[in-house]
Amino acid sequence: MFKKIQDLLLRNVTVRPMELAGRGSRFAEEPYADVSCAVNDLYQKISGWIDQEDYCIMGFSMGGILTFELCRKIGQMGRKLPSGVFFLGVEPPHIKSGTEYYKLDDREFRQAMISIGGIPEEVSQCEELFDLYLPALRADFQLCESYCFTGQIIKFDFNFYLINGLNDSISRCVLDQWAWYCKKCQLDFVPGVHFFINTNTSETCRCINKGLKEILNC
């Protein structure tokens, strides 16, 4: 996925995927116990270079929650904040998740993931593959569905760029509340439901590029 996104973004932009525990080369690691554990891990991975470079952060779904909390962490540590942040398919942090997919049994959880496009077709059609992905996927949903925003609302001095699926369940009035947290909010919709980034990657990247051009003044 990240290779495809890199190929579709502006040529002078480099994508640095932040691999989470339980995924990719870190597949053997235990999933995070909570959002703060994940954020601390991500912060350690970027802390060595963020003061030397201009950068943006992008987070999709659960990654959007981690992105928001990571920005708070960067600010609390007095480090250089991003030039802009892209939130894809995520509600503002004060909105409590209305789903509890992580509590479903394996069969119901699998059906729910298929219905919202949360797993690749080849995985959904192979029980052995799905069983392999299940613990990390369930842990992801538990992380975001049990997340509870604490503390005061902070208004960051940079722009948020929101991208959402046209047929996703997140309403426009809810997405508009992201403006409470930033200098300016830009909202774009692309065809699709929650996992629009998988089904409509090209249009998603077009929206990202629009935001990047604004940030880079090009």
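Just so it is clear, the model here is predicted, and its values are computed rather than measured.
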So do the side chains of Thr204 and Leu8 get within less than 4.5 Å of each other, counting heavy atoms only?
-> no
Any Tyr181 side-chain heavy atom under 4.5 Å of Ile153 side chain = yes
For residues Ile5 and Ile197, determine if any side-chain heavy atom of one lies less than 4.5 Å from a side-chain heavy atom of the other.
-> yes
Heavy-atom side-chain proximity of Leu9 to Asn209 below 4.5 angstrom = yes
Less than 6.0 Å separating the ring centroids of Phe196 and Phe189?
-> no
Does atom CD of Glu53 have more than 12 heavy-atom neighbours, drawn from other residues, nucleotides or ligands, at distances under 6.0 Å?
-> yes
For side-chain contact (heavy atoms from CB on, under 4.5 Å), just list the numbers for Phe141 and Met62, CA-CA rounded to whole Å, side-chain angles, deciding distance to a tenth of an Å, and then say yes or no.
-> CA-CA 7 Å; Phe141 274 87; Met62 179 196 73; over 6 Å; no
Please lay out, stage by stage, how Leu216 and Asp54 fare under the test side-chain contact (heavy atoms from CB on, under 4.5 Å).
-> CA-CA 10 Å; Leu216 297 169; Asp54 292 328; over 6 Å; no
Counting only N and O atoms by type, is there a donor-acceptor contact under 3.5 Å from the side chain of Glu30 to the main-chain atoms of Ala21?
-> no
Over all atoms of both residues, closest heavy-atom pair of Cys207 and Ile163 | CB-CD1, 3.6 Å
Decide, yes or no, whether a salt bridge links Arg110 with Asp106 under the criterion of side-chain N to carboxylate O below 4.0 Å.
-> no
Sub-4.5 Å side-chain heavy-atom contact between Phe27 and Leu132 = yes
Report the C-alpha distance between Ser36 and Glu69 in whole Å, list the side-chain angles of each, state the deciding distance to 0.1 Å, and finish with yes or no for side-chain hydrogen bond (donor to acceptor under 3.5 Å, both in side chains).
-> CA-CA 8 Å; Ser36 64; Glu69 290 293 346; over 6 Å; no
Hey, what do you get for OH (Tyr32) to CG (Asn40), rounding to the nearest 0.5 Å?
-> 10.0 Å
Distance, nearest 0.5 Å, that separates CD of Glu91 from OG of Ser169 | 6.5 Å
Side-chain heavy-atom pair Pro93, Tyr147 within 4.5 angstrom cut-off = yes
Is it true that Leu104 and Phe195 fall in one hydrophobic cluster, defined by side-chain heavy atoms closer than 4.5 Å?
-> yes
Decide yes or no on side-chain contact (heavy atoms from CB on, under 4.5 Å) for Cys185 and Leu162, but give the supporting numbers first.
-> CA-CA 7 Å; Cys185 232; Leu162 314 179; 3.8 Å; yes
Under 4.5 Å between side-chain heavy atoms, hopping through other hydrophobics if needed: is there a path connecting Val193 to Leu137?
-> no
Under 6.0 Å between ring centres, would you say that holds for Phe87 and Phe160?
-> yes
Do you know which two heavy atoms are closest between His194 and Ser61, and how far apart they sit?
-> NE2-OG, 2.8 Å
All heavy atoms of Cys56 vs all of Pro82, minimum pair found to be CA-CB, 4.2 Å
Can you check whether Thr99's main-chain N or O pairs, donor with acceptor, with Ser97's side chain at less than 3.5 Å?
-> yes
Atom CG in Asn164, atom CH2 in Trp178: separation rounded to 0.5 Å?
-> 11.0 Å
Are Arg138 and Glu145 ion-paired here, with the side-chain N under 4.0 Å from a carboxylate O?
-> no
Where do Met18 and Ile57 come nearest, in terms of heavy atoms and distance?
-> CE-CG2, 4.4 Å
Is there a path of hydrophobic side-chain contacts, each under 4.5 Å between heavy atoms of I, L, V, M, F, W or Y residues, that connects Ile170 with Met113?
-> no
Could you walk me through whether Phe158 and Lys183 pass the side-chain contact (heavy atoms from CB on, under 4.5 Å) check?
-> CA-CA 5 Å; Phe158 51 81; Lys183 183 178 179 181; 5.6 Å; no
One should read off an interatomic distance between Leu187 CG and Arg172 CZ, to the nearest 0.5 angstrom, of 4.5 Å
Say whether Ile95 and Phe68 are linked into one hydrophobic cluster, either directly or through other cluster members, by side-chain heavy-atom distances under 4.5 angstrom.
-> yes
Salt bridge or not for Arg206 and Asp188, using N-O below 4.0 Å?
-> no
Are any of the side-chain nitrogens in Arg26 or Asp41 under 4.0 Å away from the carboxylate oxygens of its partner?
-> yes
Verify the distance criterion only: is there a donor paired with an acceptor across the side chains of Asn159 and Gln186 at less than 3.5 Å?
-> no
Give, for atom OG1 of Thr201 and atom CD1 of Ile208, the distance between the pair rounded to the nearest 0.5 Å.
-> 9.5 Å
In terms of heavy-atom contacts, does CZ of Phe130 have more than 12 from other residues, nucleotides or ligands at under 6.0 Å?
-> yes
Can you name the closest pair of heavy atoms from Ile65 and Cys144 and give their distance?
-> CD1-CB, 3.5 Å
Given side-chain hydrogen bond (donor to acceptor under 3.5 Å, both in side chains), test Tyr161 with Glu214 step by step and report yes or no.
-> CA-CA 10 Å; Tyr161 299 88; Glu214 181 177 286; 2.7 Å; yes
Begin with the C-alpha distance, continue with both residues' side-chain angles, and end with the deciding distance and a verdict on side-chain hydrogen bond (donor to acceptor under 3.5 Å, both in side chains) for Arg16 and Tyr55.
-> CA-CA 10 Å; Arg16 291 183 176 180; Tyr55 67 97; over 6 Å; no
Nearest 0.5 Å please: distance from the SG atom of Cys71 over to the CG atom of Leu66.
-> 11.0 Å
What about Leu134 and Tyr102, same hydrophobic cluster or not, with Ile/Leu/Val/Met/Phe/Trp/Tyr joined at side-chain heavy-atom distances under 4.5 Å?
-> yes
For residues Cys182 and Lys155, determine if any side-chain heavy atom of one lies less than 4.5 Å from a side-chain heavy atom of the other.
-> no
Give a yes or no on whether a salt bridge exists between Arg107 and Glu127, defined as a side-chain N under 4.0 angstrom from a carboxylate O.
-> no
Is it true that a side-chain atom of Arg79 and a backbone atom of Asp51 form a donor plus acceptor pair closer than 3.5 Å?
-> no
Taking side chain as C-beta onward, heavy atoms only, is Met58 less than 4.5 Å from Val85?
-> no
Shortest non-hydrogen contact between Gly151 and Arg72, atoms and distance | CA-NH2, 4.0 Å
